[in-house]
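Beneath this line is the structure, given in structure tokens, with notes to follow.
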Amino acid sequence: FERAVLETNVDGVMTARGALANPSIFSPKGMMDVCDMVKVYVEKAHKYNNNVQNTKYVVQRMLAGVSRKEKEHKGLIDVIQGCKNYESLY
């Protein structure tokens with residue numbers, strides 16, 4: 001943020017895709033691994049009764065960049081799409 005303000009002389013910076021990909025971007029402790037962040041997100045979404053379809057959408061967006069880069073996550077989005085409830089997301 002500070003670099004963007006200094007280099008461009010803007011008053012603020014808006015983040016959307018970066019925040020959706022890894023919401024820990026706002027953490028004062030630094031960014032978490034995306035897969036760890038997904039676990040935290042699913043737990044909180046379940047705890048607060050978020051609609052499971054919305055949760056699946058957000059998780060897929062969070063994993064989109066990861067699954068393209070890492071072979072071990074290649075089929076993960078397909079598995080998530082098949083989930084019907086929170087229990088199957090764990």
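The model shown is predicted, which means the values in this text are computed figures rather than measured ones.
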[atom1]-[atom2] distance between [X] and [Y], expressed to the nearest 0.5 angstrom:
{"X": "H46", "Y": "N85", "atom1": "NE2", "atom2": "CG", "value": "8.5 Å"}
{"X": "K56", "Y": "Q60", "atom1": "NZ", "atom2": "CD", "value": "7.0 Å"}
{"X": "I80", "Y": "M62", "atom1": "CD1", "atom2": "CE", "value": "10.0 Å"}
{"X": "M37", "Y": "I25", "atom1": "CE", "atom2": "CD1", "value": "12.0 Å"}

V79 with V52, same ILVMFWY side-chain cluster at under 4.5 Å: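 Per the 4.5 Å side-chain linkage, V79 and V52 are not co-clustered.
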Non-neighbouring partners of N50 that pass side chain to side chain contact (heavy atoms under 4.5 Å, CB included), sequence neighbours left out: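 So N50 forms a side chain to side chain contact (heavy atoms under 4.5 Å, CB included) with Y41, A45, N54, T55, Y86.
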L89 and V59: side chain to side chain contact (heavy atoms under 4.5 Å, CB included), yes or no, with the steps? CA-CA 10 Å; L89 279 174; V59 168; 5.6 Å; no
Side chain S24, main chain M32, donor-acceptor under 3.5 Å: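 Yes, the answer is positive, given that a donor and an acceptor are paired below the 3.5 Å cut-off.
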